[in-house]
Participant: 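Would you mind keeping the following structure in view while I ask a few things?
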Number of protein chains: 2
Amino acid sequence: MSTPRLTDVAVRAGVSMKTVSNVVNGTGSASEATRARVRAAIEELGYRPNVTARRLATGQTGTISVAVSSVTVAYFAELSNRLDQAARKQNLRVVIEQTHGARTNELAILQERERGLVDGVIFHPVSLTPEDLAGQRPGFPLVLLGEGPAPATVDHVMIDNVAAATEITRHLIERGCRRIAFLGAERSGLTHTTGQRFDGYRTALRTAGLRPDPRLRLTVDHYSADNGFRVVTAALEAGIGFDAIVCRDDALAAGALHALHTRGLAVPADVAVAGWDNLIISRHLWPPLTSVEPDKTAIAETALRLLHDRIGGYEGPGRHEIVAAQLLERDSTDR
Amino acid sequence: MSTPRLTDVAVRAGVSMKTVSNVVNGTGSASEATRARVRAAIEELGYRPNVTARRLATGQTGTISVAVSSVTVAYFAELSNRLDQAARKQNLRVVIEQTHGARTNELAILQERERGLVDGVIFHPVSLTPEDLAGQRPGFPLVLLGEGPAPATVDHVMIDNVAAATEITRHLIERGCRRIAFLGAERSGLTHTTGQRFDGYRTALRTAGLRPDPRLRLTVDHYSADNGFRVVTAALEAGIGFDAIVCRDDALAAGALHALHTRGLAVPADVAVAGWDNLIISRHLWPPLTSVEPDKTAIAETALRLLHDRIGGYEGPGRHEIVAAQLLERDSTDR
DNA sequence: CTGAAAGCGCTAACAC
DNA sequence: GTGTTAGCGCTTTCAG
């Protein structure tokens, strides 16, 4: 027995396809008697609507996709989750896709190699270059997340990285730190996001009359706790002295804490540590981690609103929205 | 200008739809000359195939979905990621869906309210009861993950929880721990998974001639670091003494560590702590966390293999595969 | 190697 | 309130 279709239900219930369709979707109207008959037929046959066919007919999918590098990066997991929750309220279904940070995968999203899968996409690129994005004018509803370069044509949600980085660095300076390292510069040139955070860090140093020391710019390959651990361990072994670390994100910070503990250094007494993203785990690290918290709920809701407009047909120029970020002070910088 | 379709390309290239289809999909054959013409037409028109239509025509989607409670639960994020990577190798696309652990959402997956979205699903239920699953015979390719109750008709991948729990508890006993708490029993009755881990824990205690103390069974609402922190803090304040904690998972363990540090207790000297899942972060907690590591890659590959069979038409009885789990000893129990 | 035509399962006009 | 019919954009026999 092949799977039952709408027609089968219609025949069984002795009504037309249209009526069945109405009952299934709650559209149009039907007498309570026929409704019952139709529902009975559906039940008996085990009928399930075929979404693909519906999508083809309506051109709408009721689904959006969230594309991030990897859900194993806690920040993306948490952000995807907020997007999912916000979308659910609007009866939108969310599927999460991983790009693994690969430029080819990211380009594939931009070029929409395939059409019709989803109504729109919310995309946080990490490897795309300004050139990749320049002049892009996607033929489908798209909202970009993060501080990467966004063309004027595309909607974009970000936070004010420079301001937050300045604030977190000043916070450390106020607590008496003088040799403040920056952990998370990419070996292969700064990404946009990191660049902004680094700028804010330098600005705060300069404002306080401190001179940025290039040796305190700690370079990583990935934003992972593993890498943070290795890099900070290496820096300590190399005898580079510092009394604070501004970490590009909390995963790196977790590794940094581990490295400091392993070397027997006290946090924050010997070295204060601050991170970024305020991950769920961050308040349970030891000591609890001071972190910049981007308002993830606001990011999700803003992105969804922009996407909703696009899906609704808005074709105006790209809108760039800046969402709040807040410094959460915890023990790792309390000195 | 509406979006170009296959016909438009065909007209432009002066060939038939079939030929364009061949070129796009690499099927059939076409002379190099026509190929070039078709490709040029595609380029000029900006044509992108419509997956929905293709899906409807072929009945295949080339996509599977991975349904987990939430990607903010690090274990699920890491598992989903492995599944994604394993599937990619087979040219399968993976979308991740969240159920938020809600029974209605989980039931919806089982009942496949909608058809045609994906070729199959790999599903880790958390709220489904044995009754929900009993007698289920899904009309679509499905593989269940985790230690929940699986009907004999459905494929299932799990680890040997009892054995691993016994091992981890024995490990603590060998290190001199005598009052070993179990953190993670659910307030509303043990889930299957927790039940197995608790069984293993008790078995090890009994084997060693220790008597399980009900006061050492620490009850939680969620498997989160927050909850672990609160529950362990409360237990310490209540004066419940223990020299080790077996945690149902690493998230709870992270909270437990935080609680112990906050109360000024030394780990592992005063209290040893062990967890489950070996999350990416676990080795960077302080002290690095001893953890049971389910072989996530093996879980992913096994699940995918089973699903592949089902998609290929296998209709035999459910297969239940047990994947290895390994105890990773780290400093949190090194005493 | 290429073309014409019949679906895939559903929705949405438009009649009745 | 209910039925008929023409697509949605693609793949795929089956001829040519």
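Chain A is the first sequence line, chain B the second, and so forth, proteins listed ahead of strands; every chain is numbered from 1. When reading the values below, keep in mind they use all heavy atoms of this one structure, side chains included, and skip hydrogens, waters and symmetry mates.
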Participant: Backbone N or O of M17(A) within a donor-acceptor pair of the S21(A) side chain at under 3.5 Å?
Facilitator: no
Participant: Output yes when D277(A) and K296(A) qualify as a salt bridge under the 4.0 Å nitrogen-oxygen rule, no when they do not.
Facilitator: no
Participant: Please determine if a side-chain N or O atom of T52(B) lies less than 4.0 Å away from the OP1 or OP2 oxygen of dG9(C).
Facilitator: no
Participant: Please list, chain by chain and in numerical order, all residues satisfying side chain to side chain donor-acceptor pair (under 3.5 Å) with E106(A), sequence neighbours excluded.
Facilitator: none
Participant: Please confirm whether the shortest side-chain N or O distance from N22(A) to OP1 or OP2 of dG1(D) is below 4.0 Å.
Facilitator: no
Participant: Picking from dG9(D), dA12(C), dG9(C), which would you name as closest to the side chain of T58(A)?
Facilitator: dA12(C)
Participant: Are the charged groups of R310(B) and E315(B) less than 4.0 angstrom apart, N to O?
Facilitator: no
Participant: Between dG3(D) and T19(A), is there an OP1 or OP2 to side-chain N/O distance shorter than 4.0 Å?
Facilitator: yes
Participant: Send over the distance from Q60(A) CD to dG9(C) P, rounded to a whole Å.
Facilitator: 22 Å
Participant: Quick one: which of dT11(C), dA4(C), dT11(D) gets closest to the side chain of K18(B)?
Facilitator: dA4(C)
Participant: Checking all strands, does T34(A) fall into the base, sugar-phosphate, or nothing category for heavy-atom contacts under 4.0 angstrom?
Facilitator: sugar-phosphate
Participant: At under 4.0 Å between heavy atoms, what does V51(B) touch on the DNA or RNA strands: base, sugar-phosphate, or nothing?
Facilitator: nothing
Participant: Specify the separation, in whole Å, of atom CE of M17(B) and atom P of dG3(C).
Facilitator: 12 Å
Participant: Between dG9(C), dT12(D), dG3(D), which nucleotide has the shortest distance from any of its atoms to the side chain of A53(A)?
Facilitator: dG9(C)
Participant: Quick one: is S21(B) getting a side-chain N or O under 4.0 Å of the dT11(D) phosphate, OP1 or OP2?
Facilitator: yes
Participant: Within this structure, what is the CZ-to-C1' distance between R5(B) and dG7(D), rounded to whole angstrom?
Facilitator: 11 Å
Participant: Specify the separation, in whole Å, of atom CZ of R54(B) and atom P of dC10(C).
Facilitator: 21 Å
Participant: Consider the side chain of S31(A), meaning its heavy atoms from C-beta on, and name the nucleotide among dT11(C), dT2(D), dG9(C) that approaches it most closely.
Facilitator: dT2(D)
Participant: Separation of R55(B) atom CZ from dG7(C) atom C1', in whole Å?
Facilitator: 19 Å
Participant: If you find the nucleotide of DNA chain C closest to S16(B) and the one closest to R48(A), which residue's nucleotide is nearer the 5' end?
Facilitator: S16(B)
Participant: Can you measure L56(A) atom CG to dG9(C) atom P for me and round it to whole angstrom units?
Facilitator: 12 Å
Participant: Between R305(A) and E321(A), is there a salt bridge with N-O shorter than 4.0 Å?
Facilitator: yes
Participant: Just the rounded figure in Å: distance from P of dT12(D) to CG of N25(B).
Facilitator: 8 Å
Participant: If you only use heavy atoms from C-beta on, which nucleotide in dT11(D), dG3(C), dT11(C) is closest to the side chain of V15(B)?
Facilitator: dG3(C)
